[in-house]
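One structure is given here, and the rest of the page talks about it.
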Amino acid sequence: MTSSQLLEVFQEAGRVVNVEVVYDRVTDRSRGFAFVTMGSIEEANEAIRMFDGSQVGGRTVKVNFPEVPRGGEREVMGPKIRSSNRGFVDSPHKIYAGNLGWGLTSQGLRDAFADQPGLLSTKVIYDRNSGRSRGFGFISFESAEAVESALNAMNGVEVEGRPLRLNLAAERASSPPPVQSNAESSPEGSELASSITA
DNA sequence: CTTGAGCGC
């Protein structure tokens with residue numbers, strides 16, 4: 001598969017800025033994948049929608065956004081992360097966001113939530129060893145009301161072509177989990193105990 | 001090993 005053939009195929013999805021087939025340095029053979037730069041996110045999404053899993057040149061191809069390079073968003077964003085990740089403003093009012101695209105950074109998350117009142121901070125979680133996004137993150141807010149309204153407004157909204165899966169974030173276990181061992185401490189405890197023995 | 005449920009260092 002040559003780059004001009006790829007160009008022809010991907011132009012059906014929109015404006016193709018660049019096509020780069022990756023060749024093996026020593027054997028000079030194609031490594032079987034390529035990078036196609038589309039004119040916009042929308043056109044990239046369209047290309048993915050149209051061609052991912054389809055037959056191109058007699059083979060089933062995978063088409064998606066490129067993997068985040070090792071080092072995670074540091075390499076993607078450079079010094080700009082100051083405002084997002086390193087200075088993540090924590091708060092008890094947090095949203096857990098899942099189903100994030102691999103290429104979405106903390107800054108990208110911030111952009112998506114920019115219109116939400118009371119927004120404090122966003123953070124995408126990266127694997128320490130591989131440097132790749134783990135596909136989820138957190139969004140902190142000033143108040144419980146702000147979390148509530150942002151969750152309602154943004155849940156299911158598509159970011160990078162994937163619907164956000166939003167939930168109230170679980171408490172971060174800073175101290176040992178409050179496990180009550182005896183039934184007396186809870187009014188429901190006696191009911192629970194009696195239902196077991198019954 | 002390109003991976004899709006999950007709760008961060």
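Below, read A as the first sequence line, B as the second, and so on, with proteins coming before strands; counting in each chain starts at 1. Note that the structure is a prediction, hence the values are computed from the model and not measured.
Distance A:Leu166 CG to B:dC7 P: 16 Å, rounded to the nearest Å. In this structure, the CG atom of A:Leu104 is 19 Å from the P atom of B:dG8, given to the nearest Å. Rounded to whole Å, the distance from CZ on A:Phe33 to P on B:dT3 is 14 Å. The nearest whole Å value for the distance from the NZ atom in A:Lys123 to the P atom in B:dG6 is 22 Å. Note: CD1 (A:Ile125) to P (B:dG4) measures 19 Å, nearest angstrom. Between the P atom of B:dG4 and the CD1 atom of A:Ile48 lies a distance of 17 Å, rounded to the nearest Å. Taking atom CH2 of residue A:Trp102 and atom P of nucleotide B:dA5, one finds them 9 Å apart after rounding to whole Å. A straight line from CD1 of A:Ile95 to P of B:dC7 spans 17 Å, rounded to a whole angstrom.
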Going through the checks in order, is the side chain to side chain donor-acceptor pair (under 3.5 Å) test met by A:Gln55 and A:Thr60? CA-CA 5 Å; A:Gln55 298 290 123; A:Thr60 304; 2.5 Å; yes
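Evaluation of the side chain to side chain contact (heavy atoms under 4.5 Å, CB included) rule for A:Glu43 yields A:Arg15, A:Met38, A:Ser40 as partners, not counting sequence neighbours. Not counting sequence neighbours, the partners of A:Glu145 by the side-chain hydrogen bond (donor to acceptor under 3.5 Å, both in side chains) test are A:Ser143.
Residue A:Phe138 and nucleotide B:dG8 are classified as a stacked aromatic pair, their ring centres being separated by less than 5.5 Å at an interplanar angle below 30°.
Mapping A:Asp90 and A:Leu100 onto DNA chain B via the closest heavy atom, the residue that lands nearer the 5' end is A:Leu100. Comparing A:Arg134 and A:Arg128 by the nucleotide of DNA chain B that holds the closest heavy atom to each, the one mapping nearer the 5' end is A:Arg134.
When the nucleotides B:dC7, B:dA5, B:dG6 are ranked by their closest atom to the side chain of A:Arg165, B:dA5 comes out on top.
At the heavy-atom level, A:Gly98 lies nowhere under 4.0 Å from the strands shown.
With a 6.0 Å cutoff to the six-membered ring centre and a 45° limit on the axis angle, A:Lys123 counts as a cation-pi contact of A:Phe88.
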